[in-house]
Amino acid sequence: MERVASWWDGFELWLAGLSFVPQAALVLIVMVPLCGVVAWLLDRVVATGFAAVGRGEPEPSPAGGEPAPSAPNMEDC
C-alpha cells in the first residue's frame with residue numbers, strides 16, 4: 001500500500017506542476033470516458049433492479065399498431 005501511496009503522491013505532484021491547459025486536457029481525456037462508463041453501468045444496475053421488482057421498461061408497441069392516446073380535447077368538455 002505504501003508503494004501505491006508513494007506513486008500517487010508523485011503523480012499528483014507532476015499533475016499539479018503542469019500549466020492549466022495540459023491539466024484540463026488530461027482531466028478531460030480521462031474523466032469524460034470514465035464518467036460515461038460509470039453512467040452506463042449505473043443505468044444498467046438501476047434497470048436490472050427495476051426489472052427484478054417488476055417495474056421494467058414497457059415493451060415498445062409494434063409498428064403499425066394503434067396510435068398513442070392523445071390528450072383530451074378541451075372543446076369536448
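Residue numbers start at 1 and run along the sequence shown.
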| request: Would you please name every residue forming a ring pair (Phe, Tyr, Trp, His ring centres under 6.0 Å) with Trp40, sequence neighbours left out? | output: none

| said: Within this structure, what is the OG1-CG distance for the pair Thr48 and Asp43, rounded to the nearest 0.5 Å? | reply: 9.0 Å

| message | Count I, L, V, M, F, W, Y as connected when their side-chain heavy atoms are under 4.5 Å apart, and connections chain through other members. Are Val30 and Val38 then in the same cluster? | response | no

| request: Tell me who clusters with Met31, hydrophobic residues only, linked when side chains sit under 4.5 Å apart either directly or through other members. | output: Val27, Leu34

| side chain to side chain contact (heavy atoms under 4.5 Å, CB included) with Arg3: which residues, sequence neighbours excluded? | none

| message | Let me check something: do Leu26 and Leu13 share a hydrophobic cluster, defined by ILVMFWY side-chain heavy atoms less than 4.5 Å apart, either directly or through other members? | response | no

| query | Do Leu18 and Trp7 share a hydrophobic cluster (ILVMFWY, side-chain heavy atoms under 4.5 Å, transitive)? | reply | yes

| query | With distance as the sole test, does Ser6 use its side chain to make a donor-acceptor pair with the main-chain N or O of Glu2 at under 3.5 Å? | reply | no

| query | Do the rings of Trp14 and Phe11 sit parallel, tilted or perpendicular, given the 30° and 60° boundaries? | reply | tilted

| remark: Members sharing Val32's hydrophobic cluster, built from side-chain contacts under 4.5 Å between Ile, Leu, Val, Met, Phe, Trp and Tyr, are Leu28

| note | Sorted by chain and number, sequence neighbours left out, side chain to side chain contact (heavy atoms under 4.5 Å, CB included) with Val37 holds for Leu41

| field | All ring pair (Phe, Tyr, Trp, His ring centres under 6.0 Å) counterparts of Phe20, not counting sequence neighbours | value | none

| field | side chain to side chain contact (heavy atoms under 4.5 Å, CB included) against Glu12, all qualifying residues, sequence neighbours excluded | value | Trp8, Asp9

